[in-house]
Amino acid sequence: MCRDRFGVKIDVNVTARRLVTTHGRVTALATDQGDYRADNYVVALGIQSAALARTAGMALPVYPAKGYSLTVTSQIPMRHPPSVVSTRRRWWPGRGSAIPCGCRRQRSFAGYDRGFGRGDFDNIFAVARELFPEQADWDSARMRSCMRPMTPDGPPIIGGAKKHANLYFTPGMATWGGPCRCGSSKAMADIIEGRAPAIDTSAFTVRRWRK
Ligand SMILES: Cc1cc2nc3c(=O)[nH]c(=O)nc-3n(C[C@H](O)[C@H](O)[C@H](O)COP(=O)(O)OP(=O)(O)OC[C@H]3O[C@@H](n4cnc5c(N)ncnc54)[C@H](O)[C@@H]3O)c2cc1C
């Protein structure tokens with residue numbers, strides 16, 4: 001939609017290395033594919049946002065909170081595949097015959113280590129098997145771990161950097177990436193364009209931790 005409707009150019013498989021700054025402005029984003037230049041720069045790298053911000057001398061309090069999820073294939077054709085969350089709350093819809101299973105409570109702070117063991121999924125397996133005892137092939141479940149970008153107080157960071165006039169941030173959506181991402185993007189676009197956002201973003205600035 002972004003490409004077709006708005007002419008957005010999307011480059012994938014490009015790794016951002018550092019922000020180049022001079023006289024209170026970002027002048028380039030250095031990547032493994034060369035430098036990118038723009039009028040404005042938005043840092044939205046999930047758990048890697050803090051590392052990139054650091055290259056511009058900014059401290060972003062965004063930390064990785066590890067989470068676990070698994071996907072199983074249903075043995076029964078489903079028109080509306082369910083999803084399973086260990087708190088028994090519907091969380092995201094399945095696709096095709098895949099039943100995604102996740103856990104809201106099972107998370108940990110383990111640095112950037114993505115390793116996992118079967119025991120990390122006990123809670124998810126227990127609830128999912130109870131709900132769908134015969135429906136899925138539980139032995140072939142695909143397990144994975146990933147990182148939620150979290151801030152110390154919960155809400156994401158949305159706003160500009162005082163230190164650099166054309167640098168902005170939207171990381172830290174933690175568990176709420178789905179419901180947050182459209183609103184935060186809209187608010188960010190309004191801020192960059194100099195319009196008043198529809199929501200009060202003063203509670204989301206990176207300066208909120210400063211007394
Ligand atoms: C197990 C689990 C289950 C979840 N379930 C839900 C759910 O059901 N509903 C919900 O709303 N949220 C859920 N979340 C949270 C959701 O995934 C996050 O809130 C959301 O992904 C955050 O979006 P983001 O764009 O800020 O970061 P990300 O989605 O992490 O995107 C950051 C992107 O930046 C890229 N990147 C990082 N470093 C670099 C670099 N140096 N150069 C270039 N690119 C880089 C990454 O590859 C990535 O594509 C879940 C999270 C986990 C871990």
Side-chain angles (χ1 to χ4, degrees), residues 2 8-20 26 28-36 38 41-56 58 60-72 81-95 98-116 120-125 127-128 141-151 153-159 167-189 204 206:
C2 287
V8 173
K9 182 169 173 272
I10 299 171
D11 291 348
V12 294
N13 297 325
V14 178
T15 301
R17 298 248 192 259
R18 76 189 167 89
L19 293 160
V20 182
V26 178
L29 171 69
T31 78
D32 62 346
Q33 311 283 327
D35 286 359
Y36 281 62
Y41 298 78
V42 180
V43 176
L45 296 184
I47 59 164
Q48 297 299 334
S49 300
L52 189 69
R54 216 174 293 129
T55 66
M58 300 272 317
L60 274 195
V62 177
Y63 312 103
K66 192 171 183 178
Y68 307 92
S69 66
L70 57 89
T71 306
V72 285
S83 64
V84 177
V85 169
S86 62
T87 48
R88 292 164 201 264
R89 191 178 125 187
R90 191 178 167 86
W91 198 238
W92 73 94
R95 284 196 196 116
I99 305 176
C101 309
C103 178
R104 293 188 68 214
R105 294 204 186 119
Q106 203 162 338
R107 65 179 72 148
S108 56
F109 288 96
Y112 294 85
D113 170 26
R114 287 177 191 262
F116 57 79
D120 294 318
F121 296 83
D122 284 350
N123 192 9
I124 309 175
F125 270 116
V127 174
R142 296 187 300 282
M143 292 171 269
R144 71 186 79 82
S145 77
C146 17
M147 308 283 181
R148 299 174 178 93
M150 295 197 73
T151 60
D153 57 353
I157 298 167
I158 305 171
L167 179 60
Y168 301 87
F169 306 107
T170 59
M173 288 178 226
T175 318
W176 306 285
C180 278
R181 61 172 58 102
C182 293
S184 60
S185 301
K186 175 78 170 66
M188 178 52 57
F204 301 111
V206 69

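The chain is numbered in sequence order, starting from 1. Remember, it's a predicted structure, so these values are computed and weren't measured experimentally. When a ligand or atom number is given, it counts from 1 through the structure's own listing order.
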### Query
Quick one: does A16 get an N or O within less than 3.5 Å of an N or O on ligand 1?
yes
## Note on the structure
atom 51 (C) of ligand 1: of Q48, M147, R148, the nearest heavy atom sits on R148
### Message
Tell me which pairs pass salt bridge (Lys or Arg N to Asp or Glu O under 4.0 Å) where either residue lies in residues 168-187, with sequence neighbours left out.
### Response
K186-D190
### Message
Between N123 and Y68, is the side-chain contact (heavy atoms from CB on, under 4.5 Å) condition met? List the steps.
### Response
CA-CA 10 Å; N123 192 9; Y68 307 92; over 6 Å; no
### Message
Closer than 3.5 angstrom, by distance alone: can the side chain of T71 be matched with the main-chain N or O of R142 as a donor-acceptor pair?
### Response
no
### Task
Determine whether V42 and M188 make a side-chain contact, defined as any pair of heavy atoms from C-beta on separated by less than 4.5 Å.
yes
### Message
In the structure I gave you, are the side-chain heavy atoms of P64 and D113 within less than 4.5 Å of one another anywhere?
### Response
no
### Task
Show which atoms of ligand 1 fall inside a sub-4.0 Å distance from at least one heavy-atom site of V14.
42 (N), 43 (C)
### Query
Does at least one non-hydrogen atom of P179 fall below 4.0 angstrom from an atom of ligand 1?
yes
### Message
Walk me through whether L19 and V43 qualify under side-chain contact (heavy atoms from CB on, under 4.5 Å).
### Response
CA-CA 10 Å; L19 293 160; V43 176; 4.2 Å; yes
### ligand 1 atoms in contact with C146 (distance to a heavy atom under 4.0 Å)
1 (C), 53 (C)
### Message
Can you check which of R17, R144, R18, R181 brings a heavy atom nearest to atom 21 (O) of ligand 1?
### Response
R181
### Message
For ligand 1, which is the ligand I care about here, please tell me if G177 has any N or O atom under 3.5 Å from one of the ligand's N or O atoms.
### Response
yes
### Message
Please state which option from V43, T175, I157 has its nearest heavy atom closest to atom 13 (C) of ligand 1.
### Response
T175
## Note on the structure
Counting from 1 in the order shown, the ligand 1 atoms closer than 4.0 Å to a non-hydrogen atom of M173 are 19 (O)
### Task
Could you tell me whether Y36 and Y41 have their ring centroids closer than 6.0 angstrom?
no
### Task
Test side-chain contact (heavy atoms from CB on, under 4.5 Å) on V26 and V20 and set out the steps.
CA-CA 6 Å; V26 178; V20 182; 5.8 Å; no
#### Entry: ligand 1 contact by I47, heavy-atom criterion under 4.0 angstrom
no
### Message
Could you work out, for atom 16 (C) of ligand 1, the closest of A174, S185, G178, A44 by heavy-atom distance?
### Response
A174
